[in-house]
There are 2 protein chains.
Amino acid sequence: MSQTVDRALSILPLLAEGPADLGQVADRLGVHKSTALRLLRTLHEHGMVYRQSDQRYRLGARLIALAQEAMENLDIREIAHPHLVRLNEQCGHTVHLAVYEEDEVLYIDKVESRYPVRMYSRIGKPVAITVAAVAKLLLADLAEHERRALADKLDYPMYTARSTPNPEAFLKELAKVREQGWATDLGGHEESINCVAAPIRGADGRVVAAMSVSAPNVVVTADELLTLLPLVRRTADDISGEYSGRTSAKGTV
Amino acid sequence: MSQTVDRALSILPLLAEGPADLGQVADRLGVHKSTALRLLRTLHEHGMVYRQSDQRYRLGARLIALAQEAMENLDIREIAHPHLVRLNEQCGHTVHLAVYEEDEVLYIDKVESRYPVRMYSRIGKPVAITVAAVAKLLLADLAEHERRALADKLDYPMYTARSTPNPEAFLKELAKVREQGWATDLGGHEESINCVAAPIRGADGRVVAAMSVSAPNVVVTADELLTLLPLVRRTADDISGEYSGRTSAKGTV
DNA sequence: CTGGGGCGTTGCAACTTCTGCAACGCCCAT
DNA sequence: ATGGGCGTTGCAGAAGTTGCAACGCCCCAG
């Protein structure tokens, strides 16, 4: 809608790939160097980009701080956190909390496993949307046509042999998840890692977030992990209850 | 430099305070509603803001994802991380890594204490610049006139009775830190928490990051914590060495 | 030592884009 | 019903933004 802002914002993902100098930015934006310079200057004034000692631009500190604040303001996160910690204390495994927002699912909280073998993941990182158990739950709650539209739009990277291969398989999986009210990821993202997940619902019954417990094969088998399902679901329901209670007219997410 | 972009970016910190509707955004920006709407729309297209179910705007998911990428691209972070983990294994306390950038110091990595009592802090959060041990180290390395200028510009909140009260005290502390090559924060931020910190230097000797070990009084006394200083300094030096070696012509931060 | 190329920067005039207005439609509460 | 609040749209004037060309700078090559 606004050309100037549009261009300026396009610079950010570009810099996320790595530092770039003025010429590179101008080229990739398809604008004159002087234009790129002015945009970068404005971004710089707001701390969104930073100029390294070699004159190249990087993403700036304020961007990071802003994102931090953004996450700290999420009400579900606040409510869920103590429950996640308690669950971690009970089972010892890695616990995640994720939300869906405009075609992306991302982790907004995490409690690390107490076992020495830990899985890689990071708060703020978009999750593997086609395979993650939490993603399945969040997407399964969308209206039918939205699921269809999204499923067709996605890529289906074959992380492992068990990854969801195509839109049809994905929609089928979503239907199943929707039906049963919980989800799993058994080696679909990383060969040796399994997850069980449960949905967190708002007062209106819509899924507002999802939580999961993940553990590598070397610690517990998939079957053993599945025995935790009742506990995970109970925790999710507790969070749902508290969230619905406290949330009066506040927005989702 | 660019009015439109400037206005658009001003919306972000505003939304970081909490969700806001169109009218509020327009008011605080001092522009017409229709203008604010167009700016918000552009931000929305880029995923920087998100529209909640109650129509109010929040910061968006892409912002969080971008910030995540920004941090993952920091080379010092990559190099330092395993060292921080090892240090944590040796002493058990919380370990932080921080960098300075344009009048701000922020944590870019953290390894949690293994003791039950943990301190609050969060990656991406700007640190209490006038009292934190890592901040002292990073600022102490600036040129004299920069230190002066910055010191005068800062606020000096009295978190505790031992907080740095004013520019003079701060500059004096920086001089001392610069001299001795390490820093402490003994209850200057939170009454019961102490830190010891050491600088990480690039090939040219400039301080590029700082790391610290923090622990509450209830776990170890300040004196006991200070006995860790040699270990902390050695770790920082190891990181410096590795960073200087690997870094050929790359930028700071 | 000198010349050339690369890169960031600036002033300017033309023009594209953005702005604020006013009016409309919508929903909720009175 | 009806008024107020809020988001949304089309439009013409105003204003900001654009690309150009030229400059200065630094570094490398001749």
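The chains referred to below are lettered A, B, ... by the order of the sequence lines, with proteins before strands, and numbering in each begins at 1. The model shown is predicted, which means the values in this text are computed figures rather than measured ones.
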Chemist: Are the side chain of B:E101 and the backbone of A:A61 linked by a donor-acceptor contact shorter than 3.5 Å?
Modeler: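 Side chain of B:E101 to backbone of A:A61: a pair is present.
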
Chemist: My understanding is that only residues two or more places apart in sequence, or in another chain, count here; which of them pass salt bridge (charged side-chain N to carboxylate O under 4.0 Å, His left out) with A:K33?
Modeler: none

Chemist: Could you state the CZ-P distance from A:R41 to D:dT18, rounded to the nearest angstrom?
Modeler: 13 Å

Chemist: Between protein and nucleotides 15-21 of chain C, map the contacts as a letter string: B base, S sugar-phosphate only, - none, heavy atoms under 4.0 Å, written 5' to 3'.
Modeler: --SSBBB

Chemist: Base, backbone or nothing for each nucleotide of nucleotides 25-30 of chain C, written B, S, -, heavy atoms under 4.0 angstrom, 5' to 3'?
Modeler: ------

Chemist: Can you check whether B:R201's main-chain N or O pairs, donor with acceptor, with B:S240's side chain at less than 3.5 Å?
Modeler: yes

Chemist: What pairs of residues pass the salt bridge (Lys or Arg N to Asp or Glu O under 4.0 Å) test when at least one of them lies in residues 166-180 of chain A, not counting sequence neighbours?
Modeler: A:K136-A:E173, A:R148-A:E168, A:E173-A:K176

Chemist: Whole angstroms only, please: what is the CD-P distance between A:Q55 and D:dC26?
Modeler: 11 Å

Chemist: For the pair B:D54 and B:R56, evaluate salt bridge (charged side-chain N to carboxylate O under 4.0 Å, His left out) and give the outcome as yes or no after the intermediate values.
Modeler: CA-CA 6 Å; B:D54 65 354; B:R56 291 190 303 168; 2.9 Å; yes

Chemist: Find the distance A:L40:CG to C:dT9:C1' and express it as a whole number of Å.
Modeler: 13 Å

Chemist: Write down the distance between CZ (A:R56) and P (C:dC7), rounded to a whole number of angstrom.
Modeler: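 Going from A:R56 (CZ) to C:dC7 (P), I get 13 Å.
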
Chemist: Only counting residues at least two apart or in another chain, list the ones meeting ring pair (Phe, Tyr, Trp, His ring centres under 6.0 Å) with B:F170.
Modeler: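 Listed in chain order: B:Y156.
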
Chemist: So, A:S212 side chain and A:C195 main chain: donor-acceptor pair closer than 3.5 Å or not?
Modeler: no

Chemist: Say whether, by atom type as modelled, one donor and one acceptor occur between the side chain of B:R77 and the main chain of B:I108 under 3.5 angstrom.
Modeler: yes

Chemist: For residues 14-25 of chain B, which residues have at least one heavy atom under 4.0 Å from DNA chain D?
Modeler: B:D21, B:L22, B:G23

Chemist: Quick one: does any side-chain atom of A:D204 pair with a main-chain N or O of A:R206 as donor and acceptor, under 3.5 Å?
Modeler: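 Flag set: sc A:D204 to bb A:R206 pair under 3.5 Å.
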
Chemist: Rounded to the nearest angstrom, tell me the gap between atom CG in A:L37 and atom C1' in D:dT17.
Modeler: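 It works out to 14 Å between those atoms.
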
Chemist: Output the rounded distance in Å from CZ (A:R51) to C1' (C:dG8).
Modeler: 7 Å

Chemist: For B:A70, does its backbone N or O pair with a side-chain atom of A:R58 as donor and acceptor, under 3.5 Å?
Modeler: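 Here the side-chain-to-backbone pair exists.
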
Chemist: Whole angstroms only, please: what is the CD-P distance between B:Q52 and D:dG7?
Modeler: 13 Å

Chemist: For B:P167, is there any backbone N or O sitting under 3.5 Å from a side-chain donor or acceptor partner on B:D152?
Modeler: no

